[in-house]
Amino acid sequence: MIVLGGSASNGIDIHLARELGADLVKLATTRFPDGEIKVTVPDIKDDDVVIVQSTYHPQEKNLFELLLAARFLKDRKADITAVIPYLAYARQNRSFAEGEAVSINTVMDSLSASGVKSIVTVNPHRSGSLMYFRGKVGVVNCEKTVAEALSGKLGDPFVLAPDKGGLEMAKKASAILKCDYTYIEKHRDAYGTVSVEKTHGGNFSRKDVVIFDDIISTGSTISQASRFAYSEGASSVSVAGIHLVMANGALEKMKNAGIERIFGTNTIPCSSAEIIDISKDIASGVKKVRG
Ligand code: R5P
């Protein structure tokens, strides 16, 4: 087995090769004068290839790099597994308004057509969306690893999910942190403005609240949840996000909302957070999907 690291593997390729006992080679990506990318795959003397490429910003370039490499290896009859730690375009998993194109099925179709046989991804926004992929799918849920890394770092913790969809993650994290958990009702209007209404139980008074969420994008969800937690008596608020997209001034917004510490994983590079390596979880996911 060979691990082929793409330009957006964020070091996970190195850890993964070590975990899997595989050799690591790197893709070379350059640009033509007109901005198009050119991908060069090194000479690989193995038909069992694990390509590692996260699809954070610039999403299209990173995704296309992966597709180009896979298509090249397909012609050489390689058995290709794509490890995509952060899977972009997963949130547009349906038409929310008339005429809106669904993006995740296009991404999944493209990977299938490019010869990828299996994909492994981390905490995808909706696992169900991966059914569009015509191969094996490995979903890595890493909230346990994140919660373990937080153990002992928060005084008197209380886990908060910023919406009902995050309840399962909050439950698992709270079991590891040995504390209570709850979720709040979140609404996002047509302009993207987030508001939170009420919790479903739990007493935040003098608690060190840690908000668990799969994605921190604009930081609006987390910021509103933080304000709510403080209004209910929290001593401090921290956040644990799996994918730190951190778009549109998210950091400033979160600081203004009183968030003290930001924890996240290495699926996306982020210099403003305390980063937890989840390569071991990914290695287990790769082993499982490949049987
Ligand atoms: C929504 O369902 C997700 O779990 C996140 O809460 C959301 O994507 C975060 O987005 P933002 O940071 O822009 O509020």
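Atoms within a ligand are numbered from 1 in the order they appear, just like the ligands themselves.
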Nearest neighbour in protein (non-hydrogen) for atom 14 (O) of ligand 1: Thr221 OG1, 2.5 Å
For atom 5 (C) of ligand 1, grab the closest protein heavy atom and report residue, atom and distance to one decimal in Å. Asp213 OD2, 3.3 Å
Thr55 versus Asn62, side-chain donor and acceptor atoms under 3.5 Å: no
Atom 2 (O) of ligand 1 sits nearest the protein heavy atom His125 CE1, 3.3 Å
Check: Asp156 side chain, Asp208 main-chain N or O, donor-acceptor pair, under 3.5 Å: no
For a quick check under 3.5 Å, do Glu232 and Ser205 share a side-chain donor-acceptor pair by atom type? no
Residues Tyr86 and Gln53: side-chain donor-acceptor under 3.5 angstrom: no
Yes or no: does Gly166 have any heavy atom under 4.0 Å from an atom of ligand 1? no
Side-chain donor-acceptor contact under 3.5 Å, Asp277 with Asn266: yes
Measure the distance from atom 8 (O) of ligand 1 to every protein heavy atom, then report the residue, atom name and distance (to 0.1 Å) of the closest one. Arg91 NH1, 3.2 Å
Show me which atoms of ligand 1 lie under 4.0 Å from any heavy atom of Asp214. 3 (C), 4 (O), 5 (C)
Would you say the rings of Phe158 and Phe204 are close, in the sense that their centroids are separated by under 6.0 Å? yes
Look at atom 13 (O) of ligand 1 and say which protein heavy atom is nearest, naming residue and atom and giving the distance to 0.1 Å. Thr218 OG1, 2.5 Å
Going by atom types only, do Lys207 and Ser235 share a side-chain donor-acceptor pair under 3.5 Å? no
What verdict does the side chain to side chain donor-acceptor pair (under 3.5 Å) test give for Ser118 and Arg290, after you've listed the backbone C-alpha separation in whole Å, the side-chain angles of each residue and the deciding distance to 0.1 Å? CA-CA 8 Å; Ser118 330; Arg290 295 161 56 92; 5.9 Å; no
Check this for me - ligand 1, Ile222, N or O atoms closer than 3.5 angstrom, yes or no? no
Under a 4.0 angstrom heavy-atom cut-off, which atoms of ligand 1 come close to Ser220? 12 (O), 14 (O)
With a 4.0 Å heavy-atom cut-off (strictly under), which part of Val245 contacts ligand 1: side chain, backbone, both or neither? neither
closest protein heavy atom to atom 10 (O) of ligand 1 is Arg188 NH2, 3.3 Å
Should you measure from each heavy atom of Ile215, which atoms of ligand 1 turn up under 4.0 Å away? 5 (C), 7 (C), 9 (C)
